Amino acid sequence: MKSSKRNILITGGAGFIGSHVVRLFVNKYPDYQIFNLDALTYAGNLENIKDIENAANYHFLKADITDADQMKALFRKYKFDSVIHLAAESHVDRSISNPKIFVETNVTGTLNLMEAALGIWKEDLQHKLFYHISTDEVYGTLGETGFFTETTSYAPNSPYSASKAASDHFVRAYGETYNLPYVISNCSNNYGPNQFPEKLIPLFINNIIENKALPVYGDGKYTRDWLYVLDHAKAIDLIFHKGNKKSTYNVGGFNEWQNIDLIKLLCEIMDKKLDKNEGESETLITFIKDRPGHDKRYAIDAGKINKELGWEPSVTFEEGLAKTIDWYLENSEWIKAVVSGSYQEYYKKQYT
Ligand code: NAD
Ligand code: TYD
């Protein structure tokens with residue numbers, strides 16, 4: 001994409017990754033008008049982007065991507081020339097207890113956006129882009145060795161990953177059938193500030209702060225490849241501007257950890273930060289019933305984005321984890337606000 005005046009729609013910008021992407025674009029590209037569209041579900045929080053809410057090139061649109069008419073009306077009104085689509089239901093455990101909303105938001109919502117985009121773009125597809133943000137979970141699970149590449153077959157195992165896989169297929173199909181200019185990236189597990197405390201790292205940080213049990217699924221010997229959220233945002237910036245159209249990019253941290261080792265490291269750092277006795281947080285570890293369909297190992301080969309676009313993670317895991325923990329310790333009001341109300345019901349249902 002050329003760097004000039006643009007009207008960019010970013011969906012899901014009040015969520016975890018989206019808020020970092022919105023901030024990066026608003027600050028880095030004053031000539032771009034950035035429209036953050038978000039339904040503000042339990043996972044969306046305008047506090048995440050409070051610092052940029054008054055920027056001249058920032059606009060917030062409270063809207064729901066499952067509403068096709070609303071999407072068409074917004075595209076007609078604001079004439080977006082590109083979309084960075086992050087809005088989604090994003091938590092595997094919620095998809096196991098309530099799969100339908102994952103189809104509605106992740107599949108139908110994506111279709112609605114592409115339809116609305118084509119509605120105003122079809123006369124002139126030049127300098128237009130539909131950038132779909134996806135996950136490595138679409139590839140299913142790995143054994144002890146090997147990596148997911150851009151050509152690995154899709155084999156999703158959870159309702160969440162199935163819904164993301166379906167949306168990826170639809171984006172590709174819209175590219176082939178209607179010539180929609182698209183790009184897709186599939187990223188590994190993100191961590192960092194502003195992540196909702198239902199995902200592993202923020203949940204465990206919060207539980208250590210509150211002296212609550214740390215619920216480890218199964219034997220804890222599941223492997224994930226962790227990437228600091230700002231490095232993902234930088235990859236999105238590069239792919240948006242320089243990625244090849246009608247292609248996909250894998251983004252990963254070159255940073256594999258077995259859950260149990262990561263959790264022990266987290267406990268060790270938290271003991272120091274909270275002035276606890278050595279080993280105190282580890283006593284909170286509780287092994288619980290495994291997640292159904294639990295993928296054993298994810299690991300990304302990020303060679304393509306590295307070679308083509310020169311991207312690599314800039315933050316080491318030690319630095320990223322320290323920054324993340326500090327952020328949660330310094331933002332107790334944010335945590336208090338998001339763990340009230342419906343979170344308590346979710347927690348009870350999930351863990352007791
Ligand atoms: P998140 O759950 O923190 O945020 C999702 C945002 O989407 C929220 O602000 C929510 O309000 C909004 N949203 C949900 N339904 C909506 C709807 N119907 N209409 C409009 N807005 C709606 O998610 P996240 O972790 O920031 O993930 C963002 C994207 O990145 C998702 O597409 C996810 O699949 C993908 N992804 C996430 C990770 C990860 O580790 N978190 C890794 C790879 C890819
Ligand atoms: P999660 O953060 O939910 O991300 P994903 O399932 O999308 O990879 O989980 C990361 C890993 O941590 C995964 O193997 C499941 C595990 N996990 C637990 O052991 N306990 C928990 O309470 C949660 C939320 C996750």
Side-chain angles (χ1 to χ4, degrees), residues 10-22 36-46 48-49 61-67 70-71 84-96 101-102 104-106 108-110 112-113 132-138 141 157-158 160-161 163-164 167-168 185-192 194-204 207 213-227 229 232-233 236 251-253 257-260 262-263 285-291 293-298 300 338 347 350-351:
I10 300 183
T11 69
F16 166 49
I17 303 170
S19 61
H20 291 280
V21 174
V22 165
N36 172 14
L37 184 158
D38 201 296
L40 301 181
T41 68
Y42 79 92
N45 186 349
L46 289 176
N48 292 346
I49 29 168
L61 305 170
K62 185 171 183 318
D64 190 327
I65 60 169
T66 64
D67 183 339
Q70 195 181 25
M71 291 309 107
I84 305 176
H85 175 37
L86 295 111
E89 287 293 333
S90 68
H91 190 40
V92 173
D93 293 329
R94 288 184 191 253
S95 81
I96 293 167
I101 193 176
F102 284 70
E104 288 157 4
T105 300
N106 299 356
T108 309
T110 302
N112 290 341
L113 286 167
H132 180 60
I133 305 296
S134 193
T135 167
D136 61 354
E137 303 192 26
V138 297
T141 189
N157 290 317
S158 74
Y160 164 65
S161 53
S163 70
K164 292 298 291 187
S167 63
D168 292 10
S185 57
N186 297 80
C187 188
S188 63
N189 287 60
N190 284 214
Y191 70 98
N194 305 94
Q195 188 170 30
F196 194 80
E198 62 186 356
K199 308 273 166 58
L200 181 73
I201 290 180
L203 175 72
F204 279 35
N207 283 13
L214 304 177
V216 180
Y217 295 149
D219 59 5
K221 292 188 174 152
Y222 293 86
T223 300
R224 297 292 182 265
D225 171 2
W226 293 94
L227 178 68
V229 62
H232 187 192
I236 290 172
V251 184
W257 283 80
Q258 261 192 6
N259 291 342
I260 193 66
L262 189 162
I263 292 160
I285 292 177
T286 312
F287 291 93
I288 64 165
K289 193 165 163 269
D290 210 347
R291 171 190 278 176
H294 199 167
D295 287 329
K296 190 76 188 160
R297 175 171 166 257
Y298 302 146
I300 280 273
V338 301
Y347 201 92
Q350 182 63 26
Y351 294 109

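All residue numbers refer to positions in the sequence shown, counting from 1. Both ligands and their constituent atoms are indexed starting at 1 by order of listing. The model shown is predicted, which means the values in this text are computed figures rather than measured ones. Both backbone and side-chain heavy atoms feed into the values below; hydrogens, waters and symmetry mates do not.
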Option whose closest heavy atom lies nearest to [atom], chosen from [options]:
atom: atom 1 (P) of ligand 1; options: S90, G192, S188; answer: S90
atom: atom 44 (C) of ligand 1; options: S134, C187, G18; answer: S134
atom: atom 19 (N) of ligand 1; options: I236, I17, T11, I65; answer: I65

| Pair Y222-D290, side-chain donor/acceptor within less than 3.5 Å |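 On atom types as modelled, these side chains qualify, holding a pair under 3.5 Å.
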
| query | Does the side chain of P215 reach to within under 4.5 Å of the side chain of F204, using non-hydrogen atoms? | reply | yes

| H85 vs H132 aromatic rings, parallel, tilted or perpendicular, using cut-offs 30° and 60°? |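 Geometry flag for H132 against H85: tilted rings.
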
| request: Answer with yes or no whether Y160 contacts ligand 1, where contact means a heavy atom under 4.0 Å from a ligand atom. | output: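 Under 4.0 Å: yes for Y160.
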
| query | Which of the atoms of ligand 2 are close to E198, meaning less than 4.0 Å from one of its heavy atoms? | reply | 24 (C)

| field | H294: numbered ligand 2 atoms lying under 4.0 Å from its heavy atoms | value |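 So the atoms of ligand 2 that pass are 13 (C), 14 (O), 15 (C).
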
| said: Under 4.0 Å, heavy-atom basis, I'd like to know which part of N259 is in contact with ligand 2: side chain, backbone, both or neither. | reply: side chain

| query | Taking the non-hydrogen atoms of Y298, is any one of them nearer than 4.0 angstrom to ligand 2? | reply | yes

| task | Starting from atom 7 (O) of ligand 2, locate the nearest protein heavy atom and write down its residue, its atom name and how far away it is, to 0.1 Å. | result | E137 OE2, 2.5 Å

